[in-house]
Amino acid sequence: MVSWSPFPFPSGTRVSIRRLLPDGMATDAVGWVHLSDDTHVVVATKRGLETIELAAIIAAKEVPPPPPPRERQ
């Protein structure tokens, strides 16, 4: 498993993070890095702030900003 301490992306970076859940399944969080320390990273997602334990992260990468909203007709 990859060691993510410290988290390699600075605050303000948009990231996609895949993490293991306690049941062994994986889930993704996509959003902006809010803050991080030696054990956790906080990501601002569409659903709000998510605190993710670094030990549970199995993959993380920087992703581009979301596309602008479509115009309504």
- Note: with side-chain heavy atoms under 4.5 Å as the link, the other cluster members for Trp32 come out as none
- Item | Main-chain N/O of Ile58 paired to Arg18 side chain as donor or acceptor, under 3.5 Å | no
- Pick one: which of Asp37, Val43, Thr39 meets side chain to side chain contact (heavy atoms under 4.5 Å, CB included) with Val41? Val43
- Please examine the side chains of Leu54 and His40, heavy atoms only from C-beta on, and report whether any two atoms are closer than 4.5 Å. no
- For Val30 and Val63, the nearest pair of non-hydrogen atoms, with its separation, is CG1-CG2, 4.4 Å
- Item | Check against side chain to side chain contact (heavy atoms under 4.5 Å, CB included), Val42 and Leu35 | CA-CA 5 Å; Val42 178; Leu35 58 90; 3.8 Å; yes
- Message: Using 0.5 Å steps for rounding, measure from the CD1 atom of Ile57 to the CZ atom of Arg19.
- Response: 8.5 Å
- Task: Can you see which heavy atom on Phe9 is nearest to which on Val33, and at what distance?
- Result: O-CG1, 4.0 Å
- Can you tell me which residue pairs pass the salt bridge (charged side-chain N to carboxylate O under 4.0 Å, His left out) test with a partner in residues 53-65, sequence neighbours excluded? none
- Message: Tell me every residue that passes side-chain contact (heavy atoms from CB on, under 4.5 Å) with Pro69, counting only those two or more places apart in sequence or in another chain.
- Response: none
- Closest non-hydrogen atom pair between Ile17 and Ile52, with its separation: CD1-CD1, 4.1 Å
- To the nearest 0.5 Å, what is the distance between OG1 (Thr45) and CZ (Arg14)? 10.5 Å
